Number of protein chains: 2
Amino acid sequence: MVTGHPSDRARKRAPSRRALETRDRVLDAAERVFAARGFDGATIRDIAAEAGEPVGSVHHHGGGKACLFAQTVARRAEALSAARLAALETARAEGPPRVEAVVGAFMRPFFELAEGDRRWRDYARLVALVSADARWRDLAAEWFDPTAEVFIGELARLTPGAPRRAVAAGFVFAVSAMLALLTSAGRIETLAPGAADEGDLERLIAFCAAGLVAGAGAGD
Amino acid sequence: MVTGHPSDRARKRAPSRRALETRDRVLDAAERVFAARGFDGATIRDIAAEAGEPVGSVHHHGGGKACLFAQTVARRAEALSAARLAALETARAEGPPRVEAVVGAFMRPFFELAEGDRRWRDYARLVALVSADARWRDLAAEWFDPTAEVFIGELARLTPGAPRRAVAAGFVFAVSAMLALLTSAGRIETLAPGAADEGDLERLIAFCAAGLVAGAGAGD
DNA sequence: GTCTATATGTAGATAGAC
DNA sequence: GTCTATCTACATATAGAC
């Protein structure tokens, strides 16, 4: 799958400010449309209309549909990783953290970013798409696996004796649960009508922390 | 989204045996192709080629793409629910079961069906697609929610004092983790290279059971 | 860099012979 | 019921004027 923008190879000069704004508008629109309709369900035309740009402009700045998708995923990945790693450092500052604090360091930054910012909620849907679709495995490996390794390593240190496979499995389960809450809180509402959603994040963290501890000793 | 087959309204007579076989071949092919490429990524032509049928035949038996998808989801839903409810009855036979037994009754039947049967593994991908995409909410509500209600009710009985919202949230987290393992065990392999996958199901059940108990008291 | 126009392929659906 | 041929729409992508 081609994901490199053509201009990466032969960029002649720095783009103008207006060009950068256009590029941002295109990426913002792509983020919304990919989040709403998935990769195959989205069309360049949808994105162009959403951005208020002509179709050709989306191609020019995006470098093709797959490359455009890859760019939207990459754009916020570093900020997300940085926030998570900073939270982990904070948790580690006073000696070995508890499992719950490590899980919180991974999850809370994403929810804080998503709270009140539609763009990060849309981005969460992109992350869920990438995680669920083997076609984007390379993208996931590039942008998400390094941080995952750090957290898995930290969790392994806190659950001595647990095989790495058990910790990795628990981490994958936890990420799935996190993405479910980030992208479809409505599903919980359907099964528990009328209740408020305050506290779901705390429930998620408690769920995953307890699960990681219990899973570390199971299945061997 | 239209999901009713035209012949539902004016079926003149029972279909011949050959027609039924054709219909089954079409549904089998649709299941494979939808599982591999998603709803938007799949095409009627892919399905026709996979089934060894002409394109028109797929339209005739499927009643359109959306209806065909709905049929593939519906086809195995009752068998899955029945297996789960039977397992729950077995667990309940000797007094109140433990949370872990209830989680196992929900999850084990699906893994047992998927083990060694590619069609059920493909079906798991369809279930994951339906769960993640709001567009299929009605389909999920029709085929999966009733069983979910039964299990949530049982779990609520076993965690007295927990608000229903907490139990429902835990159930959604557990289902997400289950679908992650059913549909992309390879993701665990990436993060824990070389290790075998024996025991992941036990880890999943331990993870979710502990998470449900811990989540029941959190977030309030 | 931007935008119009267009090239080329393929999608879902259907009509009508057999 | 089956299968061929076709309709209509829209997809991605690009060429080239400005």
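All chains are named by letter (A, B, ...) in the order of the sequence lines, taking the proteins before the strands, and each is independently numbered beginning at 1. A quick note: this is a predicted structure, and the numbers were derived from the prediction, not measured.
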Between [atom2] of [N] and [atom1] of [X], the distance in whole Å:
| X | N | atom1 | atom2 | value |
| --- | --- | --- | --- | --- |
| A:His60 | C:dG1 | NE2 | C1' | 6 Å |
| B:Arg45 | D:dA5 | CZ | P | 13 Å |
| B:His61 | D:dG1 | NE2 | C1' | 6 Å |
| A:Glu21 | C:dG1 | CD | P | 13 Å |
| A:Asp46 | C:dA11 | CG | P | 18 Å |
| B:Asp24 | D:dG1 | CG | P | 13 Å |
| B:Asp40 | D:dA11 | CG | C1' | 13 Å |
| A:Glu53 | C:dT2 | CD | C1' | 8 Å |

Nearest-neighbour nucleotide for the [X] side chain, [options] considered:
| X | options | answer |
| --- | --- | --- |
| A:Thr22 | C:dA11, D:dG1, C:dT2 | C:dT2 |
| A:His59 | C:dA13, D:dC3, D:dT14 | D:dT14 |
| B:Ile44 | C:dG12, C:dT2, D:dG1 | C:dG12 |
| B:Pro54 | C:dG12, D:dT4, C:dC3 | D:dT4 |
| A:Arg18 | C:dC3, D:dA11, D:dT2 | C:dC3 |
| A:Lys65 | C:dT2, D:dA13, D:dT2 | D:dA13 |

Original post:
When we call it a touch if two heavy atoms are under 4.0 Å apart, what does B:Ala42 touch: a base, just sugar-phosphate, or nothing?
Top reply: sugar-phosphate
Subject >> Within 6.0 angstrom of A:Glu89 CD, more than 12 heavy atoms from elsewhere >> reply: yes
Original post:
Is the backbone of B:Ala192 close enough, under 3.5 Å, to the side chain of A:Arg165 for a donor and an acceptor to pair up by distance?
Top reply: no
Original post:
What residues, two or more places apart in sequence or in another chain, satisfy ring-ring contact (aromatic ring centres under 6.0 Å, His included) together with B:Phe171?
Top reply: B:Phe106
Subject >> Carboxylate-amine/guanidinium proximity below 4.0 Å for A:Asp28 and A:Arg32 >> reply: no
Original post:
Do the rings of B:Phe110 and B:Tyr123 sit parallel, tilted or perpendicular, given the 30° and 60° boundaries?
Top reply: tilted
